[in-house]
Amino acid sequence: MRSIPQPTQPTQAAVSPLPPAADPQGEAPSGTVSPHPGHAVGRAVAREDALRSLARIAVFAALIGALGLMGAVPVPGLVPITAQTLGVMLAGAILGPWRGAAAVCLLLVLVAFGMPLLSGGRGGLGVFVGPSAGYLFGWVLGAAVVGLFLHGFRRSRGAAVPGRHRPLRPTWLRAVPGMLVGGILAIYAVGIPVQALITGMALADTALTSLAFLPGDLLKAAVACLVTMALWRAYPRAFR
């Protein structure tokens, strides 16, 4: 007996899912993940901070150079005082370790190109092979050390703007040792050995002759502390 073939059911064609329609108002289609708005805010804050940092580095480099144009201030019974070390201390105290050191480096680059920005109108490559060359390089270390004392390696969090840090509050307990260690000892630690090497004097004799500048440096450290604390009370945004 011949079997009668059964009619087959028509197979349903596979239908590929259509992509979600885009919103005519420009919003992301449903089912996709839109970028977090905080990311765009963070990038904008980073760009703004970078531009602000460059501007402040340039301002403090100009400030240190302007203090050098004043020349030496005569002090009865003491070695004449130059004010540029005061600018180095303030750069580290206000800008922090990295930007403060960058401001000094920018100044030294301008001096190397011949701009007379050092005390007495000196400039050019010759100053970097003279007896005071070590003190110039010590400025970079000094600004960084002062900044580390007052700002630390990281700034405290808690700022209202995402991606930005709230600056640490300067205190006398950090400012005074910061100016003494960074503004005096760190600079001397680089300057005295280089001066002894270039002049051929014994290290101990060079250190003794450098003590003549210590009273003036102590005075500048005291002024830097006063200016730093007064600026924090008057305009704390300068430390951001």
Closest approach of [X] and [Y], non-hydrogen atoms and distance?
| X | Y | answer |
| --- | --- | --- |
| Ala103 | Ala61 | O-CB, 3.4 Å |
| Leu95 | Ile57 | CD1-CA, 4.3 Å |
| His151 | Phe239 | CE1-O, 3.8 Å |

Can you tell me how far [atom2] of [Y] sits from [atom1] of [X], rounded to the nearest 0.5 angstrom?
| X | Y | atom1 | atom2 | answer |
| --- | --- | --- | --- | --- |
| Ile64 | Thr85 | CD1 | OG1 | 9.5 Å |
| Leu67 | Leu118 | CG | CG | 12.0 Å |
| Phe60 | Arg99 | CZ | CZ | 10.0 Å |
| Leu218 | Leu180 | CG | CG | 7.0 Å |
| Thr171 | Met229 | OG1 | CE | 6.5 Å |
| Leu185 | Ile192 | CG | CD1 | 9.5 Å |

Among the clusters formed by ILVMFWY side chains lying less than 4.5 Å apart, do [X] and [Y] turn up in the same one?
| X | Y | value |
| --- | --- | --- |
| Leu173 | Ile184 | no |
| Val59 | Leu90 | no |
| Met201 | Leu214 | no |

Would you give me the side-chain donor-acceptor pairs under 3.5 Å for residues 220-228, sequence neighbours excluded?
residue: Lys220; atom: NZ; partner: Thr82; partner atom: O; Å: 2.8
residue: Lys220; atom: NZ; partner: Asp217; partner atom: OD1; Å: 3.1
residue: Thr228; atom: OG1; partner: Ala224; partner atom: O; Å: 2.7

Worksheet item: Does any N or O in the side chain of Gln195 come within less than 3.5 Å of the main-chain N or O of Tyr135, such that one atom is a donor and the other an acceptor?
Response: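 Not at all, since once roles are kept as given, no pair shorter than 3.5 Å links the two residues.
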Worksheet entry | Partner residues of Phe128 under the ring-ring contact (aromatic ring centres under 6.0 Å, His included) criterion, sequence neighbours left out | Phe137
